[in-house]
Amino acid sequence: MNLFKELKTLLSENIREYGMYIALFVIFLTFSFMTDGLFMSSRNLSNLLDSTGYIAVLAVGMTLVIVIRHIDLSIGFLAGFLGAITAILLMHAGVPMYITIPIILILGIIIGLCTGFLVAQVGIPAFVATLAGMLIFRGALLQVTEKTGTIIIQDKAFNMIGNGYIPSLLEVNGLHLLSLIVGFLGILLYIYSDIQTRKNKIKYGFEVISKEIFALKVVFVSAIIAYITWILAGYNGFSWTVIIMVLIVVIYHFLTTKTVLGRHIYAVGSNPEAAHLSGMNVKKITYIVFGSMGMLAALSGILFTSRLQSATTTAGTLFELDAIAAAYVGGVSSAGGVGKVTGAVIGAIVMAALTNGMNLLGVGISYQYMIRGGVLAGAVIFDVMTRKKR
Amino acid sequence: MSKYILEMNQISKHFSGVKALSDVNFKVEKGEIHCLIGENGAGKSTLMKVLSGVHPYGTYEGDIVFEGAVQQFNKISDSVKAGIGIIYQELALFPDLSVYENIFAGNEVKRGGIIDWNQTIVQAKKMLEKVKLDVNPDTLIKDLGVGKQQLVEIAKALSKDVKLLILDEPTAALNEDDSENLLELLGELKRQGITCIMISHKLKEVISIADKATVLRDGQTICTLDAAKGEIQESIIIKNMVGREIDDIYPKREKKKAGEKILELSNWSCYDPQLGRQVIKDVNLHVKKGEIVGLAGLMGSGRTELALSIFGNAKSYKLHGDLVLNGTSTTLKHTSDAIKAGIAYVTEDRKGDGLFLIQDIKSNISAANLKGISRKGVINDNEEIKIAENYKNSLTIKASSLEQMTGNLSGGNQQKVSLGKWLFVGPKLLILDEPTRGIDVGAKFEIYTVMNKLIEAGMSIVMISSELGEVLGMSDRVYVMAQGEIKGEMKVEEANQEKIMQLATQ
């Protein structure tokens with residue numbers, strides 16, 4: 001009974017944070033039920049995560065941009081443009097893949113820094129500066145694909161990024177061994193870090209959740225990771241896209257929560273004047289955040305181009321808005337200083353799951369847009385309401 | 001009919017338990033220029049807000065009698081309708097609109113719901129004549145100087161058939177010529193039969209123009225002086241302004257001989273390109289090791305600007321002059337340079353530019369010295385908690401835990417977090433800007449005690465304060481500022497409230 005009580009207070013205190021996971025859970029459950037389990041089948045789940053990848057990495061970068069109270073509308077066509085450049089380098093210039101990818105990422109960083117220059121140094125509102133960027137990159141994409149139209153990529157290694165899976169090593173009862181190992185390691189890592197955090201909190205006399213609840217939480221999360229691993233291992237195992245996505249989230253999660261740079265980003269977002277008076281370099285942070293956004297846009301372009309195995313003239317259309325929606329569903333606040341990169345990824349998965357599930361159910365595209373819009377509005381309303389209560 | 005155009009009787013006003021005005025009586029005769037004088041926080045602005053309906057009828061006690069009738073202003077437009085016009089220190093003009101659009105903003109000349117622009121311009125010209133402003137009504141406000149903008153504000157008030165004009169420190173931002181011009185205009189308006197209430201800190205102006213002067217102190221009417229009786233004199237006004245009892249709430253500190261100079265400014269001037277004017281003029285000032293230097297003066301006298309110009313030129317002024325730190329001439333280009341050089345600045349506006357209100361206590365305390373809790377850019381959470389815990393204990397910050405959001409703390413505890421943040425930097429020179437504004441007596445005492453401990457440990461403190469008692473009770477040496485200049489320097493033994501107030505109101 002006591003346990004139940006604590007669970008209740010815990011939920012009501014952290015409703016904002018858990019709300020997103022609960023929503024995700026409900027969406028998954030509803031769709032599995034309505035599609036007779038088709039939604040949670042190995043093949044569909046694998047597809048769903050792969051199609052989330054290129055939006056999820058954008059949403060991670062976008063979250064930081066919104067945290068420092070800016071916005072970036074240019075990233076959609078920037079991703080499309082850089083994807084086309086990737087295709088040209090690979091297919092027309094004959095540059096090998098392992099050189100092409102760093103070039104594209106660096107190009108993304110440079111373009112991001114240019115946006116940063118306009119916003120931080122010249123003082124143009126980010127909305128306008130990146131709207132201009134959006135038009136420019138759209139034009140640039142059309143320009144480079146004008147003669148050839150869609151560029152088909154025949155580089156098998158490159159196409160693996162968006163379509164391939166990690167090698168299985170051995171198949172055990174039709175399950176991919178390496179994927180199982182990766183999932184298992186992931187669970188161990190999660191349990192280890194959670195126990196470590198808890199230990200530290202106890203050491204400093206902080207309030208911690210009770211042992212039972214803690215155990216419940218660890219078992220619950222581990223079970224989810226295990227379940228997803230098991231499902232994915234039953235199809236083709238972890239795809240490279242999922243691995244890249246997880247890597248990006250882990251790196252950015254570490255950067256934002258454990259480093260001085262991360263602290264500076266959130267400080268600048270929550271009160272730029274105070275950050276300046278605390279000796280932080282607000283301009284430098286703006287550069288870094290837009291630079292990272294540019295790099296992630298380049299990565300998104302690579303993922304998308306690889307997935308389609310070609311660069312098209314309309315690649316990247318509306319990616320920026322999907323990324324912004326994902327970031328807001330993930331709990332970022334436009335007032336600045338609030339928002340987690342993990343939330344952004346969950347947000348991206350929520351939005352992708354909606355599309356995927358409704359496609360399976362055969363819901364018309366017109367209703368799909370309306371429902372997704374409603375979910376976005378609902379998430380933000382929920383966010384505002386729970387914030388007010390505190 | 002009574003000779004008074006305005007009688008405010010027994011006005012009392014509370015702000016969440018704090019008394020801002022208590023039983024204030026304020027009477028203004030028809031056709032006079034009546035000055036309202038008092039220290040910062042004496043209640044002048046609150047009284048004018050009650051009068052103009054910013055604080056609506058029912059939120060205060062007492063009566064407002066205007067032109068013989070008791071008034072119940074529920075909103076600002078009610079007082080405007082009755083003929084009361086108020087001009088605030090921060091001008092309420094639209095910089096990108098023309099003079100005539102501004103004069104009739106909110107009071108448009110309409111015919112059948114459609115604005116008659118020709119008539120507007122004709123009327124605007126009339127108003128401009130009245131205030132003797134010779135500009136084309138098409139001119140945009142942003143192309144006018146502050147002095148002329150002020151006149152446009154007055155023209156705007158006149159366009160509403162104002163009978164009682166209230167000006168809140170009208171000359172604070174003006175140069176001498178513009179000030180004189182404005183005072184002349186007030187005299188002219190008086191001849192036209194318009195009554196004026198002017199809030200001012202510049203006693204010379206008061207003496208030259210006022211028919212009557214009412215002094216407020218701590219939310220109470222102290223006296224009303226009459227020029228006809230020869231009562232409006234500097235010494236009399238100052239005596240009434242500063243008569244506050246100084247409580248003995250300042251912890252004692254053993255006075256030691258101050259050490260060598262750690263900071264020296266010579267011919268220090270700052271030009272603010274955003275405001276387009278000189279904010280600091282030719283300041284010479286020094287701070288020695290182990291002393292508290294009080295920086296007294298009224299609001300807007302340039303004290304904060306001076307502090308920010310020392311603190312890594314935080315507002316990007318154009319600087320002239322020499323800044324010598326520990327014997328070497330230095331340029332501090334960024335706040336981070338200042339922190340490295342051992343200077344810390346605790347802001348007067350802790351909610352605005354001091355704290356990260358949506359972050360917890362520990363992140364706020366570590367914010368200015370993340371290097372101190374990190375290795376190779378990775379933060380050691382445990383170290384952060386340990387350090388934050390230390391400051392929480394030594395500064396007696398009252399909070400449920402270090403993870404409490406600073407936005408939810410009381411003013412005093414917020415100030416302590418702000419102080420803790422800067423102590424963690426380990427400064428040699430601590431600049432405290434209004435360190436005890438808006439906090440209760442107990443917390444004040446605790447902050448004074450901390451200051452004394454720091455001085456004993458060899459730190460130097462510059463304390464900016466509007467509270468004369470605090471300046472006299474805590475400082476070793478006092479500088480008085482007014483209009484961006486240092487008007488005087490004295491040892492605390494030689495200082496008293498009258499002396500400081502006299503310099504501050506020059």
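What you see is a predicted model, and the numbers here were worked out from it, not measured in a lab. Per chain, numbering begins at 1; letters A, B, ... match sequence-line order.
- With a 4.5 angstrom heavy-atom cutoff, Asp381(B) touches chain A only via side-chain atoms.
- Inspection of non-hydrogen atoms places Phe254(A), Lys258(A), Thr259(A), Val260(A), Arg263(A), His264(A), Tyr266(A), Ala267(A) of residues 246-267 of chain A under 4.5 Å from chain B.
- The residue among Ala275(A), Pro272(A), Ser278(A) with the most heavy atom pairs within less than 4.5 Å of chain B is Ser278(A).
- Within 6.0 Å of CZ on Phe94(B) lie no more than 12 heavy atoms contributed by other residues, nucleotides or ligands.
- Nearest heavy-atom pair across Leu277(A) and Tyr345(B) is CD1-CE2, 4.3 Å.
- Of the atoms belonging to Lys376(B), not a single heavy atom falls under 4.5 Å from chain A.
- The choice from Asn382(B), Val378(B), Ile339(B) that makes the most heavy-atom pairs within less than 4.5 Å of chain A is Asn382(B).
- Here salt bridge (charged side-chain N to carboxylate O under 4.0 Å, His left out) pairs that include residues 280-295 of chain A, with residues two or more places apart or in two chains, number zero.
- The local environment of NZ in Lys392(B) is crowded, with over 12 non-hydrogen atoms from other residues, nucleotides or ligands closer than 6.0 Å.
- Within a 6.0 Å sphere centred on CD of Gln196(A), heavy atoms belonging to other residues, nucleotides or ligands number more than 12.
- Gly279(A) approaches Ser336(B) most closely through the heavy-atom pair O-CB, 3.3 Å.
- Annotation: maximal heavy-atom pairing with chain A below 4.5 Å, among Leu402(B), Ile373(B), Ile385(B), occurs at Ile385(B).
- Residues of residues 352-371 of chain B having a heavy atom under 4.5 Å from any heavy atom of chain A, listed by number: Gly352(B), Asp353(B), Gly354(B), Leu355(B), Phe356(B), Ile358(B), Gln359(B), Lys362(B), Ser363(B), Ser366(B), Ala367(B), Ala368(B), Leu370(B).
- No more than 12 heavy atoms of other residues, nucleotides or ligands shown are found within 6.0 angstrom of CZ on Phe127(A).
- Using a 4.5 Å cut-off between non-hydrogen atoms, the part of residues 308-315 of chain B that approaches chain A consists of Leu308(B), Phe311(B), Ala314(B).
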